[in-house]
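Below you'll find the structure, written out as structure tokens, and then a few comments.
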Amino acid sequence: MNTKILDLSNTSSFDSALALAADTVRKGGLVAFPTETVYGLGADALDPEASKKIYAAKGRPSDNPLIVHIAEPAEVFDYAFPDSRGIAEKLCSSFMPGPLTVVLKKKSIIPDEVTGGLDTVAIRCPSDPVAHAFIAACGVPIAAPSANLSGKPSPTRASHVIDDLDGRVDLILCGEDSAIGLESTIVLVTNERVKLLRPGFITVPQLESVVGKIEIDKAVTDKLRDGERPLAPGMKYRHYAPQAPVTMIKGEDSDVRRFFAEALLDGSAVICFDEDLEFLGGFSTSSGAPIVFSLGPQNDHLTQAKRLFDALRTLDRKEVRQIYSRLPEKDGVGLAVFNRLIKACGFCIKRIGEFKNEDNRDLR
Ligand code: AMP
Ligand code: MG
């Protein structure tokens, strides 16, 4: 397939790019577009055949449902039923537009192909102005997973989308880097409970300040046993995994830095914090590429969120056999960074120094 790639920074062609994108969607085609979380791969959510094309282009298992993206918060209840306690309405008015996805009982207008056969639908209203303009121009809800090949880190830059999907989709809208860089927070809302299925930029304390105490799905931090099924089907897949195995290192700062320095000498790559850099300077692969990638300051979760997927993609391109990473704090947005890293490393945490004999439960 010949993929059109349009640069949105050229403002004179913005309107025509959007018109072409909307036309492509209305004809059942696939359009990748920027959002504040990560880039999405969109199609008409009311057209089952268009959704099937998304699964094919990404190589995504058909039981992993898509998020439906809408232009205005009020549209949530065109496609889903509110819960009996008014929790969904509260969440929508507090956090939409923005990086929150709510999962609710679906209305029949949403095809089974979009929800992987579930009787619930996940809905989000992006705040990014380009995403909003694109969805509004389409005039239909947009089914959109992240615009990466299945199993690769989600794309936070247009170049990531082009790397994965050039030749597999009709159109790629190239905008700015994603402002947040991690996928949306997902909450399941039923008449009985609110449950966090995937952590993101909207944090547990923020959610609880609006709806009271919420549950956290086990799959957010724990490895599920064989046969256990997460409530968000996508959480069961080995996501965000680079070619080289990733291991998170838990220890005192000085122990972790010593471990990293030795690992670098051995040809491994390192994902660290800014504070570690002065202890790790000057390492590169034989081709000269650096193999130390800092996520940002140790206590700056927002910067870590923004850089994580770029780190995984960047190191994936180098000839490294092993990637070692710092372990982010699990408070606030740090929980989302931790969740994505723990999946990238297949729940592999190595404990060193005084943490050496700690049991394997690192969680919550
Ligand atoms: P992505 O679009 O790549 O960020 O993936 C969407 C995520 O939303 C996946 O983890 C899905 O399993 C999850 N999801 C979508 N629809 C539902 C639903 N109806 N119930 C639970 N999780 C869902
Ligand atoms: Mg994804």
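All ligand and atom numbering here is 1-based and tracks the order in the structure.
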Contact (N/O only, under 3.5 Å) between Arg198 and ligand 1: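 Yes; at least one N/O pair falls below 3.5 Å.
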
Heteroatom proximity flag, Ser146 to ligand 1, N/O under 3.5 Å: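 Among all N and O atoms of Ser146, at least one is under 3.5 Å from an N or O of ligand 1.
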
Do NZ/NE/NH1/NH2 and the carboxylate oxygens of [X] and [Y] come within less than 4.0 Å?
{"X": "Asp44", "Y": "Arg26", "result": "no"}
{"X": "Asp170", "Y": "Lys4", "result": "no"}
{"X": "Arg313", "Y": "Asp164", "result": "yes"}
{"X": "Arg85", "Y": "Glu192", "result": "no"}

Quick test of your reading of the structure: of [options], whose heavy atom lies closest to [atom]?
{"atom": "atom 6 (C) of ligand 1", "options": "Glu183, Lys58, Lys106, Arg60", "answer": "Arg60"}
{"atom": "atom 11 (C) of ligand 1", "options": "Asn64, Val103, Leu188", "answer": "Asn64"}
{"atom": "atom 14 (N) of ligand 1", "options": "Pro65, Ala80, Pro145", "answer": "Pro65"}

Which of the numbered atoms in ligand 1 are under 4.0 angstrom from any heavy atom belonging to Ile186?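 With Ile186 as reference, the close atoms of ligand 1 come out as 7 (C), 8 (O), 13 (C).
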
Enumerated ligand 1 atoms positioned under 4.0 Å from heavy atoms of Thr120: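 This gives 18 (C), 19 (N), 20 (N) as the contact atoms.
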
Which bit of Leu118 gets closer than 4.0 Å to ligand 1, counting heavy atoms only: side chain, backbone, both or neither?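 Leu118 to ligand 1: side-chain contact only, backbone stays beyond 4.0 Å.
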
Less than 4.0 Å is my threshold; does some heavy atom of Leu231 fall inside it relative to ligand 1?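 The answer is yes, since Leu231 has a heavy atom less than 4.0 Å from ligand 1.
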
Within this structure, what is the CG-CZ distance for the pair Leu41 and Phe33, rounded to the nearest 0.5 Å?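 The distance works out to 8.5 Å.
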
Pro34 vs Leu173 side-chain heavy atoms within contact, under 4.5 Å: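 Side-chain contact under 4.5 Å: yes.
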
Using the ring pair (Phe, Tyr, Trp, His ring centres under 6.0 Å) rule, take Tyr324 and Phe259 through it: C-alpha gap first, then chi angles, then the decisive distance, then the call. CA-CA 9 Å; Tyr324 291 109; Phe259 181 94; 4.9 Å; yes

Do any of the N, O or S atoms of Ser146 sit under 2.8 Å from the Mg ion (ligand 2)?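 Ser146 does place an N, O or S atom closer than 2.8 Å to the Mg ion (ligand 2).
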
